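Comments concern the structure below.
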Protein chains: 2
Amino acid sequence: MKKVTMADVAKLANVSKSTVSQYLNKRYEYMSEETRKRIAEAIEELGYQPNVIARSLKQKTTATIGVIVFNMLHMLTTQVLHAIEEECQKRGFQVIVSNSGDDPEKEKRYVDMLLAKQVDGLIIFPTGKNEEVYRRLTAERFPLVFVDRMVPGVEADSILLDNQKAAEMAVDYLASQGYDRIAIVTPPLVAHNVPRMERLEGFRAAMRKRGLDVEDGNIIAADPDALPEVLKQRFAEPKRPNALFAINDLTLMGVLRFVKDAGVRVPDEVAIINIDDVPFADIYTPALTTIAQPTFAMGKKAAERVFEQMKAKKADGPRVFRFSPTLMERTSIKREKK
Amino acid sequence: MKKVTMADVAKLANVSKSTVSQYLNKRYEYMSEETRKRIAEAIEELGYQPNVIARSLKQKTTATIGVIVFNMLHMLTTQVLHAIEEECQKRGFQVIVSNSGDDPEKEKRYVDMLLAKQVDGLIIFPTGKNEEVYRRLTAERFPLVFVDRMVPGVEADSILLDNQKAAEMAVDYLASQGYDRIAIVTPPLVAHNVPRMERLEGFRAAMRKRGLDVEDGNIIAADPDALPEVLKQRFAEPKRPNALFAINDLTLMGVLRFVKDAGVRVPDEVAIINIDDVPFADIYTPALTTIAQPTFAMGKKAAERVFEQMKAKKADGPRVFRFSPTLMERTSIKREKK
DNA sequence: TTGTACGCGTTATCAC
DNA sequence: GTGATAACGCGTACAA
């Protein structure tokens, strides 16, 4: 069934393969009205579908880009992916998605597989622990864009949230409403996780600027699962925080779990703000004030950059794109406190 | 850089392309220890990467499957996709993801594109409005699996929730706790959307079995956006429902929006249950009782079926796989009411 | 305007 | 054991 080839069409239309090829590539000027019609009919009759593989072999381009993410289940990933896919479809490209599960070994394997499949570009949500692999790519000027995290020492386009600003936004808003004992809640801090560190740094800087203390006890780092317990302990100590800044949606879940279990009232006893605009933010009680990432714009940009790199064979210098977060003011923070 | 080909390796190792090919396909018996070593070295030295495209052209198989979903942003989609990807990676396959946005035209285009790219199989979350396309596929015995929705009249493997059972589960649980005025909340009912109809049917059947009335006013169908308003009106009428059964996560959001805005207390004034285990179910107050779909198992099965179809060239008869939902008992329903 | 011949990188089939 | 040589399906000079 699928064995209909150009040759078959040519034969039926009484022309040569090359003419059919011309037709397929819309170079109609090179043929008579007559033959054009015959070819069209032949194609229709046979239900001919060009074999993209054969074309790729010749042209060394597959109209496919590879995306490797470190966690497919993250909402951010889903949304960015969605935008990437949309942007690619517009250009007739398709997307191969791979999930590294944050495992550098897997990530490396997938890069190789994707390369072997001759993808025209790569968008990676990097584990961050494969410098050599990334570098090999950039050295060859292979179209590459990092998303969400960036890799120090690797010169590639990177699409990132303006993490410092996001943290600052949180602190500023909280402080402006009169909160002074603000704690940051984060997954364990690891140096290679740039955004995490940037958010912490932004937090520190903003607190300093506002003349607020950052006590050690108010940097709460724990795995999401352990978080409720850790928070419980912290709240048993003196000088409880009166505001919690969750660094992402996962830690937010830990925070919410805690306030629910411990019966801590929001925002009366503690205010909550977080990065990532979770879908249930405004049906939650109280509605959650959040700092949203422009996920769609980020995905779109990522795709655009790959295409630009594909076009411009010369490297126009890797760039870092910082996207501004948006404060979604709701009610998990009391206004004008004090 | 990437132009290292088999010929280069062959030259460097002083053998012919065929021998290199043998080596690559691990047919070591056919060569001396000696040459084998030389080839290995040559490959290493040149950093040779086989060109999968060329191989595909010859073998007519791409180790790639295509997935077309109707809404990439749905959580169900994400989770099923994740399982599919994992299952494919195990077998060295990769996944091209396309989003139809529930637009039949787009869906059709993507099927064609994917076919042109010679994918070895297709997993589709179907719009349901492309019967001819689907049928063309099954007629050619092309490996095809439907997920989430099924298409009447098209004989293909389908991975589905046991929708009747899910609805029954909701009604049974609600009834067993003493609720009698149960309303079903759903997006607009359209005939080609099989799961939606099945859930409604299951609801009706279960109510009948329990001897409960289904008043017209208690079948609440509206677009998610309009839902809060529609519910508000319904609750202004006499004989309010004392329990709401949301058919999926989207309508659940509408329901929650409504109870929040209208200040209706859950579960005191109205109980809530829904299909789809939303991530915030147990940090919500009250914790949401839900009926979870085994998304991971469903995705895994979908992938497995494609592979089985690929293997067994003869059609072993299309099958429908019904997955049993799980009741996640939480607190949005009062126990032992009355 | 249309046809011929060759190349793309592999694999398969035979000889040697 | 190893090596020519012919496919695979399409694009493209170049010739006609």
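Here is how names work: the chains are called A, B, and so on, in the same order as the sequence lines, proteins then strands, and each is numbered from 1. Bear in mind the structure is a predicted one, so any value in this text is a computation, not a measurement.
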Counting only side-chain N and O atoms of [X], is one of them less than 4.0 Å from OP1 or OP2 of [N]?
X	N	answer
B/S16	D/dG3	yes
B/K60	C/dT11	no
A/T19	C/dG3	yes
A/S21	D/dG11	yes
B/S32	D/dT2	yes

Taking atom [atom2] of [N] as reference, at what distance in whole Å does atom [atom1] of [X] sit?
X	N	atom1	atom2	result
B/I53	C/dT11	CD1	P	13 Å
B/R55	D/dA7	CZ	P	22 Å
B/N25	D/dT2	CG	C1'	16 Å
B/N14	D/dG1	CG	P	19 Å
A/Y48	D/dC10	OH	P	4 Å
B/N51	C/dT11	CG	C1'	13 Å
A/L57	D/dC8	CG	C1'	9 Å
B/K11	C/dG9	NZ	C1'	14 Å

- request: Give a yes or no on this: more than 12 heavy atoms of other residues, nucleotides or ligands lie within 6.0 Å of atom NZ of B/K90.
  value: yes
- request: Please evaluate the base of D/dA4 for a donor-acceptor partner in the side chain of B/S18 within a cut-off of under 3.5 Å?
  value: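 For B/S18, whose side chain was compared with the base of D/dA4, there is a donor-acceptor pair (under 3.5 Å).
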- request: Measure distances between side-chain N and O atoms of A/K58 and base N and O atoms of C/dG7, and say whether any donor-acceptor pair falls under 3.5 Å.
  value: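 Flag set: donor-acceptor pair detected.
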query: Of all heavy-atom pairs between A/T138 and A/A156, which one has the smallest distance, and what is that distance?
result: CG2-CB, 4.0 Å
- prompt: Where do B/Y48 and B/T5 come nearest, in terms of heavy atoms and distance?
  reply: CE1-C, 3.7 Å
- prompt: Any salt bridge between B/K17 and B/D8, counting N to O under 4.0 Å?
  reply: no
B/E105/B/K108 ion pair, N-O < 4.0 Å: no
query: Looking across every strand, which nucleic acid part, if any, lies under 4.0 Å from B/T35 by heavy atom: base, sugar-phosphate, or nothing?
result: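 Sugar-phosphate: the residue B/T35, judged by heavy atoms under 4.0 Å, touches backbone atoms but no base.
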query: Hey, does B/M6 reach any base, or is it just sugar-phosphate, or nothing, if we go heavy atoms under 4.0 Å?
result: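 Result for B/M6 = base.
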field: Toward the 5' end of DNA chain D, by each residue's nearest nucleotide, A/K17 or B/V15
entry: B/V15
Nucleotide nearest A/A54 (side chain, heavy atoms from C-beta), chosen from D/dC10, D/dT2, C/dC8: D/dC10
